[in-house]
Amino acid sequence: MKKAAAIGNILFTYLIALLPVLLFTYGKTGVSTFLWEHLFLGNVFVPLGFTLLFGIVMYIVNILVIIKASRGRWSVRELARTNMLIKIIQIPAYVVIFIIGLLCCLMIFTIGISLALLLLDLFSIGLTGLFACAAFYRLRKEQLISSNMQMLCSLASFLFCADVVIAVIGYRASLPAKSSPEQEFPS
């Protein structure tokens, strides 16, 4: 479940980055033309709808991860490390989305694409923020951080750029944690 949430969260962000790339390369490359004509039926709402549906499923998976993490399913170090890796692996996708969104802001007729990318980004950071909340809950439960620190880190996990720094801090806080062998390698 944890791996599915991690891979899904990463994949969701890269799907968002892929949407405008496919949109702007339509007719210029064979792959994007094939996808738009045969898979998406020439309608931008087909890939957008798929991406949103996938995001909703991932929200459910992340909520299940929070529940399982609160019951001690994974070690605190494992959760903190996975949270940090998710945030770091997503950086290139966020850079692409930011650059495309910025370029679309320059032209008045593409400002809607910038707005759509912003909303999808907010959706994406919500996904990874939920996962981070599970990690910071376990850090507090293992008494590696205080309740105030948990609250601060959990809130910062929903802010762009701060979430990566907080994820690294959370992982560093988890390093002194000793975990039992059955928590490290669950059956």
Side-chain angles (χ1 to χ4, degrees), residues 1-19 50-98 101 117-187:
M1 175 81 56
K2 176 185 61 86
K3 286 182 183 178
I7 292 169
N9 288 344
I10 293 167
L11 188 59
F12 182 76
T13 307
Y14 279 91
L15 283 173
I16 296 169
L18 187 63
L19 283 174
F50 169 75
T51 304
L52 288 175
L53 182 63
F54 182 70
I56 291 168
V57 169
M58 288 314 304
Y59 261 99
I60 294 168
V61 170
N62 279 294
I63 290 169
L64 293 174
V65 166
I66 289 174
I67 293 168
K68 286 189 174 209
S70 69
R71 295 181 181 160
R73 175 75 169 105
W74 303 287
S75 72
V76 66
R77 185 177 303 154
E78 191 179 0
L79 280 170
R81 181 178 178 272
T82 305
N83 178 45
M84 181 183 67
L85 288 174
I86 290 169
K87 302 285 187 175
I88 290 171
I89 291 170
Q90 286 181 327
I91 290 173
Y94 279 124
V95 168
V96 168
I97 294 167
F98 179 75
L117 290 175
L118 174 67
L119 294 174
L120 288 169
D121 267 355
L122 292 173
F123 197 91
S124 177
I125 196 133
L127 284 174
T128 58
L130 285 176
F131 194 94
C133 286
F136 291 116
Y137 172 80
R138 285 299 307 277
L139 281 165
R140 186 196 48 81
K141 191 173 180 183
E142 299 284 330
Q143 298 177 349
L144 296 170
I145 60 173
S146 66
S147 294
N148 289 338
M149 186 67 166
Q150 176 199 359
M151 185 76 73
L152 177 70
C153 290
S154 294
L155 289 174
S157 295
F158 292 94
L159 301 173
F160 292 109
C161 299
D163 63 334
V164 178
V165 174
I166 291 297
V168 172
I169 291 170
Y171 177 67
R172 297 274 311 201
S174 77
L175 290 178
K178 302 284 185 214
S179 42
S180 63
E182 59 269 1
Q183 284 181 325
E184 283 294 325
F185 304 104
S187 55

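Note: hydrogens, waters and symmetry copies are ignored here, and every other heavy atom, side chains too, is used.
- Every residue two or more places apart in sequence or in another chain that forms a side chain to side chain donor-acceptor pair (under 3.5 Å) with T82 is listed here: K2.
- For the side-chain hydrogen bond (donor to acceptor under 3.5 Å, both in side chains) condition, the pairs that include at least one residue of residues 157-167, sequence neighbours left out, are K87-D163.
- Of all heavy-atom pairs spanning L139 and G170, the tightest one is CD1-O, 3.6 Å.
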key: Residues F50, L15; criterion side-chain contact (heavy atoms from CB on, under 4.5 Å); working and verdict   = CA-CA 10 Å; F50 169 75; L15 283 173; 4.1 Å; yes

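- Between A135 and V76, the shortest heavy-atom contact is O-CG2, 4.4 Å.
- Judged as a ring pair (Phe, Tyr, Trp, His ring centres under 6.0 Å), not a single pair has a partner in residues 126-150 (not counting sequence neighbours).
- Once rounded to the nearest 0.5 Å, the distance linking CG of L79 with SG of C133 reads 12.0 Å.
- The CG atom of D121 sits 5.5 Å away from atom CD1 of I16, with the distance rounded to the nearest 0.5 Å.
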Compile the donor-acceptor pairs under 3.5 Å between side chains in residues 52-64 and protein atoms, sequence neighbours left out, one pair per line.
residue : atom : partner : partner atom : Å
Y59     : OH   : F123    : O            : 3.1
N62     : OD1  : N9      : ND2          : 3.2
N62     : ND2  : N9      : OD1          : 2.9
N62     : ND2  : M58     : O            : 2.8

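- A distance-only check finds a donor-acceptor pair linking the side chain of R138 to the backbone of W74 [under 3.5 Å].
- S154 approaches F158 most closely through the heavy-atom pair O-CD1, 3.1 Å.
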Using distance only, find each side-chain donor-acceptor pair of residues 144-152 under 3.5 Å and give its atom names and separation, not counting sequence neighbours.
residue : atom : partner : partner atom : Å
S146    : OG   : M149    : N            : 3.1
Q150    : OE1  : R140    : NE           : 2.5

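- Expressed to the nearest 0.5 Å, how far OH of Y94 lies from CG of L117 amounts to 12.0 Å.
- Interatomic distance, CG of L122 versus CG of L127, reported as 11.5 Å (0.5 Å rounding).
- One distance of note links CG of L159 with CD1 of I166; it measures 9.0 Å at 0.5 Å rounding.
- Closest non-hydrogen pair, T128 versus N83, comes out as O-OD1, 4.1 Å.
- Sorted by first and then second residue, the salt bridge (Lys or Arg N to Asp or Glu O under 4.0 Å) pairs with a member in residues 58-68 form an empty list; sequence neighbours excluded.
- One finds the OG1 atom of T13 at 6.5 Å from the CD1 atom of I97 (value rounded to the nearest 0.5 Å).
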